[in-house]
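The structure displayed is predicted, hence computed values, not measured ones. Counting starts at 1 for both ligands and their atoms, in listed order.
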Amino acid sequence: MKKLLAISLACATLLGASLSAQATDYPLKDKVITIVVPFAAGGPTDRVARDLAEAMRKPLGGNSVIIDSAAGAGGSIGANKVAKAAPDGYTLLVHHIGMSTMPGLVRNIPFKVESDFEYLGMINDVPMTLIGKPTLPAANYKELSAWLTANKGKINLGNAGVGSASHLCGLLFQNAVQIDMTTVPYKGTAPAMTDLIGGQIDLMCDQTTNTSTQIDAKKVKAFAVTTGKRLTTPALKDLPTMQESGLKGFEVTIWHGLYAPKGTPADVLAKINAALKVALKDPEFIKKQEGLGAVVVTDKRMEPAEHKKFVAAEIAKWTPIIKAAGVYAD
Ligand code: ASP
């Protein structure tokens with residue numbers, strides 16, 4: 001009996017030693033790190049995740065950092081996948097403002113935003129733009145406004161599903177102009193953009209990281225930016241704000257953050273956060289993001305505790321706005 005106990009104690013010690021060795025050795029040589037993106041490939045969240053993966057590769061020991069597109073249900077499929085993944089630092093999530101608007105917008109989400117994830121730090125803030133199909137007969141917001149009134153009941157508005165940034169922005173827009181539109185959900189705004197350019201849908205409110213290139217190439221019509229102030233990005237600098245266009249108080253800026261499954265060891269989290277901070281100061285990463293109108297985080301929100309505080313504040317900010325606008329979705 002005594003011998004058995006001694007053997008099991010020795011095993012437990014060995015197991016403990018191997019677990020802590022695993023954590024300290026993170027990332028193990030050649031082990032792939034996967035960043036789950038909860039929206040379609042080629043869209044704005046995919047873009048930031050790919051740029052980030054590239055910038056984090058070196059500080060993560062040169063390991064491969066790959067993207068896993070787990071798109072659908074407004075971002076909740078991918079987020080749920082990471083919430084349920086092994087908490088070992090090899091599966092991470094890049095997600096956006098949906099982490100704070102989902103609880104207000106959707107009654108039943110399959111994960112808990114505040115307790116199923118480790119917060120690793122924020123990545124960027126991203127303005128949005130109101131854009132239209134190229135054949136839309138309006139050259140500015142005033143003409144768009146007249147067109148909306150004349151076409152009530154026939155307007156299609158694309159988005160990336162319930163809980164996405166384009167969904168939130170589109171709902172706030174419909175509420176502001178007091179015109180109901182038929183919303184057309186996609187797995188991300190990349191496929192929605194293809195349909196907008198093709199004229200299958202009329203309008204969309206989407207992140208500048210997906211729209212500025214298309215606006216610059218005149219493939220879509222651009223009417224306004226959703227920030228409080230005009231932007232300086234060359235392709236967007238002539239666009240008025242929604243507020244200047246007469247939509248009082250209309251202001252949305254979205255953001256992205258990095259997450260790991262709850263229970264990921266503290267020293268692994270510290271290493272990922274350190275790699276994130278290196279990426280956020282990487283001139284190449286900053287150049288790519290800023291070229292598309294995004295602002296890379298330089299403030300205290302790159303700290304996990306501040307990231308968590310910010311998301312909690314965003315939940316407190318958006319939930320009443322969403323409820324007051326009567327835009328609660330099932
Ligand atoms: N982030 C989404 C995407 O990457 C778009 C959205 O949330 O509206 O497609």
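Using cut-offs of 30° and 60° for the angle between ring planes, the H96 and F39 rings count as tilted. Ring planes of Y119 and Y259: perpendicular class, angle over 60° (limits at 30 and 60°).
Under the 4.0 angstrom criterion for non-hydrogen atoms, P44 is in contact with ligand 1. Using a 4.0 Å cutoff on heavy atoms, Q207 counts as a contact of ligand 1.
Among protein heavy atoms, the minimum distance from atom 1 (N) of ligand 1 is reached at T45 OG1, 2.7 Å. Among all non-hydrogen protein atoms, the one lying nearest atom 7 (O) of ligand 1 is H96 NE2, 2.6 Å. Protein heavy atom closest to atom 2 (C) of ligand 1, with residue, atom name and distance, is F39 CG, 3.4 Å. Nearest protein heavy-atom neighbour of atom 8 (O) of ligand 1: S166 OG, 2.5 Å.
With ligand atoms numbered from 1 in the order given, ligand 1 contributes 9 (O) to contacts under 4.0 Å with heavy atoms of G188. Under a 4.0 Å criterion applied to the non-hydrogen atoms of S164, ligand 1 contributes the atoms 6 (C), 7 (O), 8 (O). Set against the non-hydrogen atoms of A160, the atoms of ligand 1 under 4.0 Å away are 5 (C), 6 (C), 8 (O). Under a 4.0 Å criterion applied to the non-hydrogen atoms of A165, ligand 1 contributes the atoms 6 (C), 7 (O), 8 (O). Each of the atoms 3 (C), 5 (C), 8 (O), 9 (O) of ligand 1 lies under 4.0 Å from some heavy atom of T189.
In this structure, a donor-acceptor pair under 3.5 Å is present between the side chains of T189 and D206. A donor and an acceptor atom, one from each side chain of T45 and H256, are located under 3.5 Å apart.
By the rule that hydrophobic residues join a cluster once side-chain heavy atoms approach within less than 4.5 Å of another member, M204 and M242 end up as members of separate clusters.
Residues D282 and K58 are not paired through a salt bridge, judged by the lack of any N-O separation under 4.0 Å between the basic side chain and the carboxylate.
Panel note: side chain N156, backbone D202; no donor-acceptor pair is recorded below 3.5 Å. The main-chain N or O of N175 is found under 3.5 Å from a side-chain atom of Q178 such that the two form a donor-acceptor pair.
Note: no N/O pair closer than 3.5 Å links H167 and ligand 1 by distance alone.
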